[in-house]
Amino acid sequence: MNSRSQGWWLVLLVFAAAALLRLRGLERELPHLPEPDSYMVMQAQILREGREPDLKQSEKGYYAYPLLLARGLALLPEAKAEASAPVREHLAAASADSVRSRTLVAVLSLLFIPATWLLAQRFTTPLGALIAAALAATSLLHLEFSQQARHHAPHASFALLTVLAALQLRERPDWVRYLVVSGLALLALGMLHSGWFVLLPIVAAHVLREKRDGRASFLAILIPIAACALAWTTLYPHEPVNMNPEASWAAGGHTFHWRDLDLSGFAVATRLLWDYDPGLAVAAFLGLVVTLWSARAKWRGLETGARKQLLVALAYTMPYGLALGVYKETCDRMLLPLVPFLATLGGIGVVALALKMPQALRAGVLGLALAVPTLGAVRYATVRDADDTFEQAAQWIEEHTSGRAMLCSRFALPLASDAKALELVRTDHATRQKRWVRYQLDHLDANGAALAGARDFVPMPGRLFVGQDPAKAQARLEKFLADEKPEWVLIEVSKYTRINPLMMQLRDWASAHGTLSASFDGEPEGRAMEPALDYQDVAHLFWRLLSADAFGPPLELYQITR
């Protein structure tokens with residue numbers, strides 16, 4: 001077996017490990033704790049029903065992203081369960097659209113791994129390219145978003161494939177390659193607004209192309225431009241009105257203000273990379289130092305083709321990275337398209353460091369470089385596969401309680417509520433929008449009967465916790481509790497709820513009128529004022545996973561005495 005075939009087998013092994021990490025656990029925290037902005041699911045449901053989005057029912061998220069993936073998902077029939085089926089079957093039916101969307105995202109995100117290897121092969125040694133692929137496969141940032149029903153991981157795959165196609169186009173600018181790069185650019189923009197950036201490396205490849213007889217003409221650049229224009233006009237839903245008139249630019253709930261360009265994004269991006277992927281961050285920094293040092297000494301000695309391919313790659317990474325750096329609202333998911341380039345730098349850095357070491361230590365350096373990110377990925381999978389805090393609470397409530405219980409949280413609980421309990425939230429907009437609550441309301445039968453196994457468990461109406469007048473809101477909450485007489489109260493005590501005075505008043509009320517019977521927290525004490533282990537912008541994710549047991553916010557269950 002030659003070295004090239006060995007390289008392919010090793011990449012396939014890395015790919016298999018990445019697939020195992022991403023294709024397992026796609027039902028995590030469903031249907032009670034979905035990503036709040038998994039608009040792909042909403043889009044698919046609206047398209048399947050053949051109706052217009054209802055802006056009065058918080059469906060403006062339909063306009064947030066392109067419809068390409070949603071149109072494919074809309075072809076699948078609605079998942080259904082018999083009214084008499086056990087609650088677990090209804091939970092699965094309510095989760096089905098999210099699981100389907102996550103599965104599609106996970107499959108498309110896997111293109112990222114071999115594409116990273118192909119990219120790194122152009123700039124480093126075969127060993128460095130393999131390390132780059134492994135760093136991408138074990139990246140917590142990529143792993144987190146490749147299991148969410150959102151567009152960012154598929155976009156990162158197609159943006160990278162477009163850059164690879166642009167590199168090939170520069171080397172051999174024939175009509176076939178112009179058509180391939182145009183199709184990939186259409187798909188990249190068909191996933192996310194930032195797909196416009198892929199035009200830059202295409203233009204760079206066109207300008208720096210090898211000019212030979214029989215190649216495509218200069219006007220061929222119009223093909224990818226036309227492809228992107230087609231994606232923008234046909235794949236993006238266009239809002240009937242400007243829903244954010246005060247923004248400098250707005251679309252589907254996304255807003256932009258010129259005042260946000262204050263250069264603070266560089267610090268934010270650095271912190272996020274360290275929080276998610278410290279191993280990748282260190283390796284990429286080493287690779288950047290090595291690359292800059294080599295460029296200073298060897299730039300003029302590089303072949304013209306090597307310099308040009310570097311310029312094509314920089315035509316994507318530099319403008320995109322600069323855009324993230326100047327924008328103060330830069331967030332974690334925006335870093336995904338840069339991960340393969342950081343992984344390539346990481347491969348360069350790790351190999352360079354290993355070669356500086358004595359022969360006996362080289363294997364240790366390579367092993368450590370891969371062990372740290374692998375540890376993070378394995379810990380993520382372990383915590384993901386455990387019951388989340390809401391599932392733990394639901395099991396405890398079913399086994400140890402009876403009588404009326406109430407949940408105070410942004411999210412639902414994977415228990416079925418009876419018709420009487422659901423009527424309390426039927427007209428409460430915020431609570432009704434919770435996916436599991438909405439499913440139960442939509443599946444009450446003609447006689448108003450709830451799902452089999454339902455009990456008097458109330459998702460506490462969100463209207464109790466809003467209002468400009470704190471005194472009136474407190475009086476409203478106290479009246480509700482006096483009228484409904486709950487025997488148990490389950491309260492989320494995350495950072496999100498601790499900054500809400502009424503949430504804390506409810507906690508004080510429960511403490512004064514009852515006793516703390518159980519608590520459910522996936523992390524050790526001391527993390528209460530940090531955002532919960534959640535779906536994005538998780539502070540110190542890598543480091544917290546080392547001691548975490550479960551995803552989900554901390555919860556407290558009080559038994560109320562009268």
Side-chain angles (χ1 to χ4, degrees), residues 35-37 64-65 135 139-145 148 150-153 155-156 159-160 191-198 200-201 243-289 291-292 313-346 349 376 494-496 498-499 527 529-545:
E35 313 88 290
D37 55 355
Y65 295 107
L135 289 173
S139 165
L140 273 183
L141 180 65
H142 189 260
L143 178 55
E144 171 91 333
F145 286 95
Q148 295 185 19
R150 305 167 81 191
H151 296 72
H152 303 88
H155 164 73
L160 175 56
M191 302 291 166
L192 211 59
H193 303 75
S194 54
W196 283 109
F197 279 94
V198 302
L200 299 176
M243 293 183 281
N244 298 278
E246 296 181 0
S248 303
W249 176 86
H254 294 93
T255 59
F256 170 79
H257 298 272
W258 289 111
R259 64 176 180 269
D260 293 336
L261 304 181
D262 63 0
L263 300 179
S264 61
F266 288 108
V268 172
T270 302
R271 176 186 60 78
L272 288 168
L273 185 61
W274 179 254
D275 284 353
Y276 279 85
D277 291 314
L280 173 60
V282 172
F285 177 75
L286 288 174
L288 180 61
V289 172
T291 300
L292 292 176
L314 290 175
Y316 180 76
T317 57
M318 293 299 286
Y320 187 80
L322 180 63
L324 298 189
V326 301
Y327 186 45
K328 76 174 185 179
E329 298 297 331
T330 288
C331 49
D332 47 7
R333 58 193 180 275
M334 297 179 184
L335 299 178
L336 279 173
L338 295 180
V339 168
F341 301 93
L342 294 172
T344 299
L345 285 174
S494 64
K495 179 180 180 180
Y496 176 87
R498 286 172 184 264
I499 61 176
R527 294 288 189 183
M529 288 310 291
E530 290 192 70
L533 289 178
D534 210 337
Y535 77 117
Q536 69 177 28
D537 295 323
V538 182
H540 317 302
L541 176 62
F542 177 90
W543 312 101
R544 292 166 67 180
L545 284 173

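Basis for what follows: all heavy atoms, side chains included, without hydrogens, waters or symmetry-related copies.
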Could you report the tightest heavy-atom contact between Ala153 and Leu336, atom names first, then the distance? N-CD1, 3.9 Å
Go through the structure and list residues passing side-chain contact (heavy atoms from CB on, under 4.5 Å) with Ala281, not counting sequence neighbours. Leu273, Trp274
Start with the C-alpha distance between Leu280 and Leu141, add both sets of side-chain angles, then the distance that settles side-chain contact (heavy atoms from CB on, under 4.5 Å), and finish with yes or no. CA-CA 10 Å; Leu280 173 60; Leu141 180 65; over 6 Å; no
So, using side-chain hydrogen bond (donor to acceptor under 3.5 Å, both in side chains) as the criterion, who are the partners of Asp332 when residues are at least two apart? Tyr276
With heavy-atom distances below 4.5 Å as the criterion, would you say the side chains of Tyr65 and His152 are in contact? yes
Check whether any side-chain N or O of Gln148 sits under 3.5 Å from a backbone N or O of Glu35 as a donor-acceptor pair, and report yes or no. no
Over all atoms of both residues, closest heavy-atom pair of Ala284 and Leu345: O-CB, 3.8 Å
Listed pairs under 3.5 Å, donor-acceptor, residues 314-329 side chains, sequence neighbours left out:
residue	atom	partner	partner atom	Å
Thr317	OG1	Ala313	O	3.3
Tyr320	OH	Met334	O	2.6

Are more than 12 heavy atoms, taken from residues, nucleotides or ligands other than Phe285, located less than 6.0 Å from that residue's CZ atom? no
Residues Ala343 and Leu135: closest non-hydrogen pair is O-CD1, 4.0 Å
Please name all residues satisfying side-chain hydrogen bond (donor to acceptor under 3.5 Å, both in side chains) with Ser139, sequence neighbours left out, ordered by chain then number. Asp277
In chain order, what residues pass the side-chain hydrogen bond (donor to acceptor under 3.5 Å, both in side chains) check against Thr270, with sequence neighbours excluded? none
Residues in side-chain hydrogen bond (donor to acceptor under 3.5 Å, both in side chains) contact with Asp37, at least two apart in sequence or another chain: Arg150
Sorted by chain and residue number, the ring-ring contact (aromatic ring centres under 6.0 Å, His included) partners of His155 (sequence neighbours excluded) come out as none
